[in-house]
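Both ligands and their constituent atoms are indexed starting at 1 by order of listing. Computed over heavy atoms, backbone and side chain alike; hydrogens, waters and symmetry mates excluded. The first residue in the sequence is number 1, and the count goes up from there.
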Amino acid sequence: MAKDRLASVLERWEAVIGLEIHTELTTLNTKMFCGCPVAFGGEPNTRVCPVCLGMPGALPVPNQAAIEATVLAGLATNCEIAEWSQFHRKNYFYPDMPKNYQISQYDLPFCVDGFVEIDIEPEGAPQRPDRDGAYTTHIGITRIHLEEDTGKMIHVGGSEGRISGATHSLVDFNRAGTGLIELVSEPDIRTPEEARRFAQKLRLIWLTLGISDCNMEEGSMRVDANVSVRPRGESEFGTKAEVKNMNSFKALHDALAYEIVRQAEELESGGRVVQETRHWDAGAKRTSSLRSKEEAHDYRYFPEPDMVPFEFTAEWIESVRATLSELPDEKKKRLIATYGIPVHDATVLTGEDLDMAEFFEAAVTISGPERAKAVSNVMLNDLSMHLNAAGIGVAESKVVPSMVAELVALVDEGTISSKQAKEVFAEMAETGDAPGAIVELRGMKQVSDTGAIEEIVDRVLVANPGQVEQYRGGKTGIIGYFVGQVMREMGGQANPKVVNEVLARKLAE
Ligand code: ADP
Ligand code: ZN
Ligand code: MG
């Protein structure tokens, strides 16, 4: 969908968005209520037992590590941790759920009332004033609760993965019973970009905590978006639709952009928005109606009778808090304070994945803190461009921290020019060779030897008496012409700083 269509709709309408994010606790050894292993893939129905298959008489035993992971998630997102909590049964019928109910949480979730800050940069990025009239990037979190995941249906025949046209369906219970945390946000999000950044931020926090691999393609992190629109200036919320099936951050953004335009145009043409669940079709780039929305009473929640309620002591909560790792916001502040890099640099280094900041600190340990900004420059420019072009993360790249440290040193010491550094970077990204070796092999060493440069400068000045005249007559801008000539004579390998110095000195004689 054209971007300008969204922009024009957003002039008249304001979107209201709340996200529901399910994250599988993939890093745990075992499932939520049994001892079956947690692992992606595997022969269907091999990682199962009477408990996760819902056999009569099998009893659930809660996984303490999963409860700790949920409390950690709550503490990392500024939630209050319940002192008193319990599991409920959520009853519904679907073939991928062997018990015909899901053990979940209802009115007593483990974590409530938190928030996350997101970074929305001033230029171009959408911002909005909050109740105090200040600009905010504060997204409220209603709750985080723990439940068990369902199995997986596989529809066979017809078109891949689709129910329509399928001749039969298979079910794989390997995933059934895996610990799953559900986070519900407040309707505080106003644009698709804010939604994307919020979800990305949460992913980064979960990764920092090590509670999940957060793989959206494999479905270990699943984002459902509730969205409505209201005329600008209106304080009442409009009727919302829930959009599902986005398996990347881009899909989340695009599905919301589509849905906002659809709802606004529907209302402008005199129609109305129906409260329903809609399905994002990434191929067709549109949402379509899936089913009307269930209400809480449809699920007939009642307390899980096979488990006693939980009582968390303040000491226990504090003992979990003590295990919190450094969170992305803290890391960002520390990088700014420790290395003196600009806020923008620290935001990029800590804002997308954990590996970038780790790479940066490893490189700076080698290069020394005085070269931190130079390391950051290479990472934000050359390295990011290379990663984007190759469609890989920094961990998959042949470029390692020591190479960036070495490259920065070569430029800083005047061995190569910053222009040559770009070439060296491209080559080291392709071959994985160390920059020093590339410079050696390609004979790229920049000439900083003043004697050699003086010789060429003399020759260039003798060959261009007219230009020398002009320079001495006051047209000093012409020095660039001489620099160009000297560079050409020296095959681009002269240190431009030294060339400029020698030229200025000789021309002043
Ligand atoms: P429901 O009762 O339909 O489940 P909830 O109030 O529990 O609705 O909210 C579910 C999600 O939808 C939350 O993330 C919430 O922030 C969001 N939400 C609630 N009302 C709206 C609205 N009018 N427009 C957009 N999102 C909304
Ligand atoms: Zn099991
Ligand atoms: Mg609800």
Side-chain angles (χ1 to χ4, degrees), residues 13-22 28-39 42 45-55 58-63 66 77 90 97-99 103-107 109 112-116 138-145 148-151 172-179 182-192 194-195 198-199 202 222-231 234-244 252 255-256 259-260 262-264 267 272-278 291-299 301:
W13 298 87
E14 183 176 53
V16 171
I17 300 164
L19 301 184
E20 291 172 89
I21 303 184
H22 286 89
L28 296 185
N29 294 324
T30 55
K31 292 184 182 180
M32 190 58 233
F33 299 112
C34 64
C36 289
V38 170
N45 299 308
T46 53
R47 288 157 178 170
V48 291
C49 73
V51 175
C52 58
L53 285 177
M55 301 290 191
L59 290 174
V61 178
N63 181 335
T77 53
K90 179 177 181 180
M97 207 175 45
K99 298 193 291 281
I103 303 179
S104 181
Q105 296 196 285
Y106 183 48
D107 53 353
V112 295
D113 226 357
F115 68 88
V116 159
H138 188 101
I139 309 296
I141 291 169
T142 317
R143 57 186 278 153
I144 304 176
H145 73 244
E148 55 177 341
D149 208 349
T150 59
D172 176 8
F173 289 119
N174 283 354
R175 195 180 72 179
T178 300
E182 177 176 341
L183 175 147
V184 180
S185 90
E186 288 290 297
D188 285 348
I189 301 163
R190 294 290 173 269
T191 67
E194 284 184 7
F198 175 68
L202 281 176
R222 312 194 277 273
V223 183
D224 301 336
N226 297 273
V227 53
S228 62
V229 298
R230 60 184 174 185
E234 168 70 60
S235 58
E236 295 272 304
F237 287 165
T239 302
K240 71 180 192 294
E242 184 180 5
V243 188
K244 287 181 182 281
L252 170 66
L256 280 167
E259 187 61 18
I260 290 165
R262 184 192 73 82
Q263 291 184 11
L267 293 169
R272 62 185 192 95
V273 174
V274 182
Q275 173 141 345
E276 62 184 354
T277 301
R278 298 179 68 86
R291 56 168 183 264
S292 66
K293 171 114 178 84
E294 304 85 356
E295 301 284 344
H297 61 248
D298 293 335
Y299 293 123
Y301 281 100

Note to self: Ignoring hydrogens, what is the shortest heavy-atom contact between Ser185 and Ile189? Give both atom names and the distance.
What the structure shows: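 Closest heavy-atom pair between Ser185 and Ile189: OG-CD1, 4.1 Å.
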
Next item on the list: Grab the two heavy atoms, one from Thr239 and one from Val274, that are nearest each other, plus how far apart they are.
Entry: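 Result for this residue pair: CG2-C, 4.2 Å.
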
Checklist line | NZ on Lys90 to CD1 on Ile103, rounded to 0.5 Å | finding: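 These two atoms lie 13.5 Å from each other.
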
Quick one: which ligand 1 atoms are inside 4.0 Å of a heavy atom on [X]?
X	answer
Ser185	13 (C), 14 (O), 15 (C), 16 (O)
Leu19	14 (O)
Val184	13 (C), 14 (O)
Ser228	22 (C), 23 (N), 24 (N), 25 (C)
Phe237	23 (N)

Are [X] and [Y] packed together at the side-chain level, in the sense that at least one heavy-atom pair is separated by less than 4.5 angstrom?
X	Y	result
Thr77	Leu202	yes
Val229	Glu259	no
Ile17	Arg190	no

Check: At the Zn ion (ligand 2), what is the angle formed between atom SG of Cys49 and atom SG of Cys36, rounded to the nearest 10°?
Finding: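 If I round to 10°, I get 100°.
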
Check: Given SG of Cys52 on one side and SG of Cys34 on the other, what angle do they make at the Zn ion (ligand 2), to 10°?
Finding: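 Value, to the nearest 10 degrees: 110°.
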
Next item on the list: With heavy atoms only and a cut-off of under 4.0 Å, state how Glu186 meets ligand 1: side chain, backbone, both or neither.
Entry: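 Under 4.0 Å from ligand 1, Glu186 contributes backbone atoms alone.
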
Please confirm whether [X] comes within less than 3.5 Å of ligand 1 when only nitrogen or oxygen atoms on both sides are compared.
X	result
Lys240	yes
Val227	no
Gly238	yes

Check: Can you name the one residue among Arg175, Lys31, Lys99 that meets salt bridge (Lys or Arg N to Asp or Glu O under 4.0 Å) with Glu148?
Finding: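 That would be Lys99; it is the only one of Arg175, Lys31, Lys99 passing the salt bridge (Lys or Arg N to Asp or Glu O under 4.0 Å) with Glu148.
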
Checklist line | Test: Glu242 and Lys240 ion pair at under 4.0 Å | finding: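 Judged by the 4.0 Å cut-off on N to carboxylate O distance, Glu242 and Lys240 do not form a salt bridge.
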
